[in-house]
Undergrad: 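Please read through the structure below; I'll follow up with questions.
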There are 2 protein chains.
Amino acid sequence: MNRKATALDVAKRAGVSRSAVSLVLNGRGDGNVAKESQDRIRQAAEELNYSPNAIALSLRNQRSRVIGILADEVVVSPFDGNIIGGADDVARSRGFVTVVMDTERDTARDASAIETLLDRQVDGLMYVTVGLKPIDVPHGMLRVPSVLANCYDNHAQPQLHHVIPDELTGGREATEHLLALGHRDIALLGGSEDSPAARLRVQGYRDAHAAADAPIREDRIFMAGWDIDAGYRGTMKLLDGVSPADRPTAIMCANDRLAVGVALAAARLGLSVPEDLSIMGYDDENRIADTMVPSLTTMALPLREIGRTAMTKLLDAIEGTDAGKGTTAETMVPCRLVTRESTGPAPTR
Amino acid sequence: MNRKATALDVAKRAGVSRSAVSLVLNGRGDGNVAKESQDRIRQAAEELNYSPNAIALSLRNQRSRVIGILADEVVVSPFDGNIIGGADDVARSRGFVTVVMDTERDTARDASAIETLLDRQVDGLMYVTVGLKPIDVPHGMLRVPSVLANCYDNHAQPQLHHVIPDELTGGREATEHLLALGHRDIALLGGSEDSPAARLRVQGYRDAHAAADAPIREDRIFMAGWDIDAGYRGTMKLLDGVSPADRPTAIMCANDRLAVGVALAAARLGLSVPEDLSIMGYDDENRIADTMVPSLTTMALPLREIGRTAMTKLLDAIEGTDAGKGTTAETMVPCRLVTRESTGPAPTR
DNA sequence: TTGAAAGCGATACCAT
DNA sequence: ATGGTATCGCTTTCAA
């Protein structure tokens, strides 16, 4: 708990002035400080285990090299975490540190969290949400360079760049995967109506059908929710007591937990997956999709990449590396199909 | 993007000196500054939307009011998140901010992460892991008040306080719940051998049996791993092709994902839960245990409370509020039994 | 009751 | 080539 060495300590030990220490340790020694002194300084710094006080630096430079991240709900979600993980990767590699504040879904806390971050002189801000959604951008975010990840500005004239997954294409390609396997009766457990992500995924499902000239049975579409029990109950409604000829041959789910419920129900009904029924997930949730039995074919959300991209945009803006100043206000990152065991050719009837 | 108002701006607007502003805004105005000036200062501060620069404060006070949190693996885990959530709760309520650095399981990054945090003058450090485990405490942690959450010092003479769940009692009480329901043939899917948490839970299972004079069948204990597929395969080994009289009537799992695998296998074998087979989980994982069909009886890990407790200890030490200086180096937080639908009376034979 | 000045740690400019 | 000094924003002590 002894205090850290300061530049002055190093200077004393090396028998030079603070300024010399600063110059040498920042690589501007040559041409300004004698070779000998340089060596002594470097050695002294080494011996004292010196590293500059970041607080003092921040005050001096008026740049803290800290990025504030405002999160929706990191706490209970493995999703948010991946976005933040990707963002932090990039930040760290460029010499920045991230400070995460989690509002635990209470948007009323947004403003004060941002004030706190601003008081700490963050160089930039990032707003992250668990699911794709529109947000009211807190006013404070406009005071420093900012970016939105997995959410977008609800305002008529969006002022911030946002990075979001391409859910529409994701929904379409997931459906195309099933259509390509010969399925023509594909049920959909679509999440909840109020989620933009869910709506886009459903639209993708419709688009794929339209493009393939395959009719859609509206009674096969349930906006059921997101959890295992919803998947289970939805499947029971679709399959229990229904004659094989009338059964959908595939169920597409708006997330992987729904798919778990579907698999559970299928098992209880004595149906084999994928022989009797194909199951398609969404998200590629860690430790769920890959370890299910059978493992889930799913549409992976590019969360890490969203985080990386958003942070890259942000730091480019902060550091003025921003070559493409005239880029659009939106970056869409594609989802990726992960083919595993839960989907297979449609059963012949 | 205009710069924030400083105390000097407020002073000018109110027609007083910086010192007066400082005194008034810190509640030390009375007796030092004229009532009138006080009002003018407060009004000016309001108008300029003034709040002090936390960086400057940190430098001046030699206290940053920042707590550094070093995490194992927040990114992919909903578990870690809950500990950090609890810790952050407490920190925020006491005027501190937390900075989380995630090493993504790479302990080689520990030291540099702590250096970074120390350079930022954090007032304290907390080390958080996903699963209960021994760690080599990075040297830097001894330079400021520190605490361990969900992990403990591997060293012969532990130097830091740690807060961990009482896994032994958890394992025992989970087993007692099943014994109380009349089960006498309880299989155990025990996680992986190298996890201290798993070992303690298994020991609790043994202790409960011993206390109840119930024999243990060693061939019912599998150290299988932690994932859905492990639960599925373990269950198949235990139940598939086994005559009803020879089957265990309950399966206790070292986590909830294993329990999902068990339920899946049971469904495929045509067994009803809990009528034919009781399933006991562990962790009370969010959105899994509560939404399974049937919902899982489980032993909840007190993650949030671990985070809260650890942060409270840490801040007490930092602020000298530490009345109980002579407390032990270990705090154990009890797990909590959550009774849901997946366990029931043992079937009569 | 008020204001001036020192100091927290580091950097950059400007004399020497 | 080198060291003294102002500066970042704030608090605190001391003098007026």
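Throughout, a chain's letter reflects where its sequence line sits, starting with A, and its residues are numbered from 1.
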Undergrad: Between B/D102 and B/R109, is the closest basic N to carboxylate O distance under 4.0 Å?
TA: no
Undergrad: Out of D/dC10, C/dG9, D/dT2, which nucleotide sits closest to the side chain of B/L57?
TA: D/dC10
Undergrad: Just the rounded figure in Å: distance from P of D/dC8 to CG of B/N61.
TA: 19 Å
Undergrad: Closest heavy-atom contact between A/T309 and A/T331?
TA: CG2-CG2, 4.0 Å
Undergrad: Report the distance from atom OG of A/S22 to atom CZ of A/R28, rounding to the nearest 0.5 Å.
TA: 7.0 Å
Undergrad: Measure CD1/B/I55 against P/C/dA10 and give the value in whole Å, please.
TA: 14 Å
Undergrad: Quick one: label A/A20 by what it contacts on the DNA or RNA (base, sugar-phosphate, nothing), any heavy atom closer than 4.0 Å.
TA: nothing
Undergrad: Expressed as a whole number of angstroms, how long is the span from A/R120:CZ to D/dG9:C1'?
TA: 14 Å
Undergrad: Specify the residue among B/L59 and B/L23 whose closest nucleotide of DNA chain C lies further upstream toward the 5′ end.
TA: B/L23
Undergrad: Going by an N to O cut-off under 4.0 Å, is there a salt bridge joining A/E104 and B/R304?
TA: yes
Undergrad: Write down the distance between CZ (B/R18) and P (D/dT7), rounded to a whole number of angstrom.
TA: 11 Å
Undergrad: Whether B/R28 contacts D/dT12 is assessed here as follows: a side-chain N or O lying under 4.0 Å from the phosphate OP1 or OP2. Is that the case?
TA: yes
Undergrad: Whole Å only: how far is the CZ atom of A/R60 from the P atom of D/dT7?
TA: 10 Å
Undergrad: Is it true that B/R40 and B/E47 make a salt bridge, defined as a side-chain N closer than 4.0 Å to a carboxylate O?
TA: no
Undergrad: Under 4.0 Å between a Lys/Arg side-chain N and an Asp/Glu carboxylate O for B/K4 and A/D119?
TA: yes
Undergrad: May I have the distance from A/R63 (atom CZ) to C/dG9 (atom P), rounded to whole angstrom?
TA: 23 Å
Undergrad: Looking at A/S19, I'd like to know whether one of its side-chain N or O atoms comes within less than 4.0 Å of OP1 or OP2 on D/dT5.
TA: no
Undergrad: Which listed nucleotide (C/dA10, C/dG3, D/dC10) is nearest to the side chain of A/N53?
TA: C/dA10
Undergrad: Using only modelled atom types and a 3.5 angstrom limit, is any donor from either the side chain of B/S17 or the base of C/dA4 paired with an acceptor on the other?
TA: no
Undergrad: Which part of the nucleic acid, if any, lies within reach of B/V16 when heavy atoms closer than 4.0 Å are counted: base, sugar-phosphate only, or nothing?
TA: sugar-phosphate
Undergrad: What is the nucleic acid contact for A/S58, judged by heavy atoms within less than 4.0 Å: base, sugar-phosphate only, or nothing?
TA: nothing
Undergrad: Side chain of A/N26, heavy atoms from C-beta onward: which of C/dT11, D/dG9, D/dT2 has the nearest atom to it?
TA: C/dT11
Undergrad: In whole angstrom, give the distance that lies between atom CZ of B/R65 and atom P of C/dC8.
TA: 21 Å
Undergrad: Can you identify which nucleotide, out of C/dT11, D/dC10, C/dT2, has its nearest atom closest to the B/N32 side chain?
TA: C/dT2
Undergrad: Rounded to whole angstroms, how far apart are CG on B/L8 and P on D/dT7?
TA: 12 Å
Undergrad: Is A/Y50 near enough to C/dA10 that one of its side-chain N or O atoms lies under 4.0 angstrom from OP1 or OP2?
TA: yes
Undergrad: May I ask you to evaluate whether A/Q62 reaches the phosphate of D/dG9, defined as a side-chain N or O under 4.0 Å from OP1 or OP2?
TA: yes
